Protein chains: 2
Amino acid sequence: MADRGLKDRNDRRVTAADVAKSAGVSRATVGYVLNNTPGTRISPETRRRVLDEATRLGYRPSAAAQALARGRSKIVLVVLPDWPLELTLRTQLDEAARVLDEAGYAVIVHTDHGSEHAQPLWKLVEPEVVVGLVPFTPAQVRSIRAAGITRIAPNPDLRLDIGAIPAVVAGAQLQVRHLASLGHRALAFASPADPRLADLAAVRRLAAEREAVALGVEVRDARAVDHRDEALPSVLHAWLSAGITGVVAFNDDVAGTVVGTAVRAKILVPQDLAVVGHDNTPMASYFAPTLSSVGIDSVGFGRWMAQQALNLAEGRPSTDEFPGPTAFLIERESTSPAR
Amino acid sequence: MADRGLKDRNDRRVTAADVAKSAGVSRATVGYVLNNTPGTRISPETRRRVLDEATRLGYRPSAAAQALARGRSKIVLVVLPDWPLELTLRTQLDEAARVLDEAGYAVIVHTDHGSEHAQPLWKLVEPEVVVGLVPFTPAQVRSIRAAGITRIAPNPDLRLDIGAIPAVVAGAQLQVRHLASLGHRALAFASPADPRLADLAAVRRLAAEREAVALGVEVRDARAVDHRDEALPSVLHAWLSAGITGVVAFNDDVAGTVVGTAVRAKILVPQDLAVVGHDNTPMASYFAPTLSSVGIDSVGFGRWMAQQALNLAEGRPSTDEFPGPTAFLIERESTSPAR
DNA sequence: CAGTTCTGCTTGTGCGCGCAACCTCGGCAA
DNA sequence: TTGCCGAGGTTGCGCGCACAAGCAGAACTG
């Protein structure tokens, strides 16, 4: 009757054996009942007795023992790059977690800060699948493989280039296309100051430059902009002098920095300088002027990611293809046709 | 010599027994060497042989088996409320993870979305400690306890009120104090539209109202502001008509929404309406006008959180007190003395 | 030289569970 | 009566490790 029932009088945990003894059956029967093991035949009456006894005693299976005996853990580890978490990413993760959760997998999200003192997480939790939001570095792949995990996404054998992932670069292409279609011929690319984003920014920048070449426009400058940088106004003026009329911003935060600085420096947006952001954050729609931006179907990507993980976990064949580009441009006040 | 060495020819994992056999010692010796078990005396020569053999075979201990045998897992589970992750929170987590990592604990961060299909994470990974960034609900406490975890922070027995946590409400108090000290007598409280933040916003609002009473000023209105809401401009005008001259915003995002809308509606900020944000995001300093905001010492809080978790994990006594308020107000363009 | 202590190991057991293989017993056809 | 079958279980082993207890031999002790 003890309401706790959580612990034996000896402070030992309640095991399946305890339940078995208490229900007058064998340990195996308890396992069969509790796991609904297919291919076993247990009479309804026994089944009920076991279940009753289990709840009465407050039985809870040991995750460690289960993992050990089963050799699997029903965990999917999602590894994040060390980026400041944007809403887009967060939305994507939430959706992925939801889908995997429904399939009975627990999702552990983990940011790899590189310098781990403790064990890498994949050693500690023995996940069935490790999913990277960005392709793993060879060192990471080695470490994960060394932990005995073979199910890794994206497939490391493809030696995938991050610049080939639509979700990563489609936005930048769209940004350039948008400005080009408005008649802007000379552009600048604005990166964030946060060094953690430098690599990603470089990839997007490259994609933007490639797209510019394809469209016959020019990216005349690319640099990191920091809202704390006193020299930022002169950078903007230098852009104008260089004939630059459009700015491709890494994200809305950067776009806001540029636009905010411009407004303060009496540079007209979009008349003098058109700026397009990325991620379509809420801020883009309340900033003054409102910011044109690229929206990403993060829910869709999250779902796709979860599907990849599930395929891997259950040993199904999975396409190595990425879903089609599902980025779209939202035009607002910060961009207009070039004069 | 097999460079893989990861798997036996039979595809079985390499166990401590394999290493033992290969090194010509017993299984226990291998364990003692690899764990540096105190109180055991192994000759340097044997030690080296074991280590060599272990690396040669690519031995990796099974986390599940270790957890099972040891009865502990060296994992700290941090449970997040279901909030959109702000930079502040993220900074706090990163710091906490860093500290715990250094102590040899792996940190798993987990967002509790409520409707879990899979097992709650605390059942799946059997962490030693579960830390909530916000006090757990009774239901959560029950669930965690039911999973056999006794080390929980914040201490659930205190039945702690979230409104009593300095980190949560100190900012709101500071905001009110700031506006009051500038001579604003009638204020409005602006909450975010995201329903996930409703509870937290309510707590902050209450704290603001209490502080207002204490300072002899009045919070005349409190409502959620949504940047997609067409009626927002008229809300602001209504505020002005009601004599409201200062706005306490839940966070910088909300502050930006208010300020952006005001600017668009030809309401002067800060002359007609002073607005103070919360979190001191980068945006606050590039918005036009720049936003006064409350900064939180998130690194300090993260460190404190980690310390609490460590105390709990290692069974040390831990103070139930919170660290003193370490919020500070950054004054920028969006606030000025009342006329 | 018997007795004691210390060193450097080894053997054995238990952690809690999953699952293959095996048992028992009643029903039923030959 | 024997033989077979299927329902409803049970016994036993293995997962990989930690750790208590034991044990041989060397090194001291008196």
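What you see is a predicted model; the values in this text were computed from it and never measured. Proteins get letters first, then strands, A, B, ... in listed order; numbering begins at 1 in each.
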Rounded interatomic separation in angstrom, taking [atom1] from [X] and [atom2] from [N]:
{"X": "A:Leu34", "N": "C:dC19", "atom1": "CG", "atom2": "C1'", "value": "15 Å"}
{"X": "A:Arg13", "N": "C:dG14", "atom1": "CZ", "atom2": "P", "value": "18 Å"}
{"X": "B:Arg27", "N": "C:dC15", "atom1": "CZ", "atom2": "P", "value": "16 Å"}
{"X": "A:Lys21", "N": "D:dT11", "atom1": "NZ", "atom2": "C1'", "value": "16 Å"}
{"X": "B:Asn35", "N": "D:dA20", "atom1": "CG", "atom2": "P", "value": "13 Å"}

Using only modelled atom types and a 3.5 angstrom limit, is any donor from either the side chain of [X] or the base of [N] paired with an acceptor on the other?
{"X": "A:Tyr32", "N": "D:dA7", "result": "no"}
{"X": "B:Arg47", "N": "C:dG8", "result": "no"}
{"X": "A:Arg41", "N": "D:dG9", "result": "no"}

If you compare every side-chain N and O of [X] against the phosphate oxygens of [N] (OP1, OP2), does one of them come in below 4.0 Å?
{"X": "B:Gln66", "N": "D:dG16", "answer": "no"}
{"X": "A:Thr15", "N": "C:dG16", "answer": "no"}
{"X": "B:Ser43", "N": "C:dT7", "answer": "no"}

Is the backbone N or O of B:Thr40 less than 3.5 Å from a side-chain atom of B:Thr37, with the two atoms forming a donor-acceptor pair by type?
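No, the answer is negative, given that no donor and acceptor are paired below the 3.5 Å cut-off.
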Side-chain heavy atoms of B:Leu34 within contact of B:Tyr59, under 4.5 Å:
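When only atoms from C-beta onward are counted, B:Tyr59 and B:Leu34 do touch, with a gap below 4.5 Å.
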Hey, does [X] reach any base, or is it just sugar-phosphate, or nothing, if we go heavy atoms under 4.0 Å?
{"X": "B:Ala16", "answer": "sugar-phosphate"}
{"X": "A:Thr29", "answer": "base"}
{"X": "A:Val25", "answer": "sugar-phosphate"}
{"X": "A:Ser62", "answer": "sugar-phosphate"}
{"X": "A:Thr46", "answer": "sugar-phosphate"}

Is it the case that the side chains of B:Arg47 and B:Asn36 hold a donor-acceptor pair, with the cut-off being a distance below 3.5 Å and no angle test?
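The answer is yes; a qualifying pair exists.
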Report the nucleotide, chosen from [options], that has the shortest atom-to-atom distance to any side-chain atom of [X].
{"X": "B:Ser26", "options": "D:dC17, C:dT11, C:dA20", "value": "C:dT11"}
{"X": "A:Ala65", "options": "D:dT10, C:dG16, D:dG16", "value": "C:dG16"}
{"X": "A:Arg70", "options": "C:dG8, D:dA7, C:dG18", "value": "C:dG18"}
{"X": "B:Ile42", "options": "C:dG18, C:dC9, D:dT10", "value": "C:dC9"}

Given B:Asp52, which of B:Arg48, B:Arg56, B:Arg49 fulfils the side-chain hydrogen bond (donor to acceptor under 3.5 Å, both in side chains) condition?
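Going through the options one by one, the only one that passes is B:Arg48.
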Pick the closest DNA chain C nucleotide for B:Leu68 and for B:Thr40 by heavy atoms, then say which residue is nearer the 5' end.
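Of the two residues, B:Thr40 wins.
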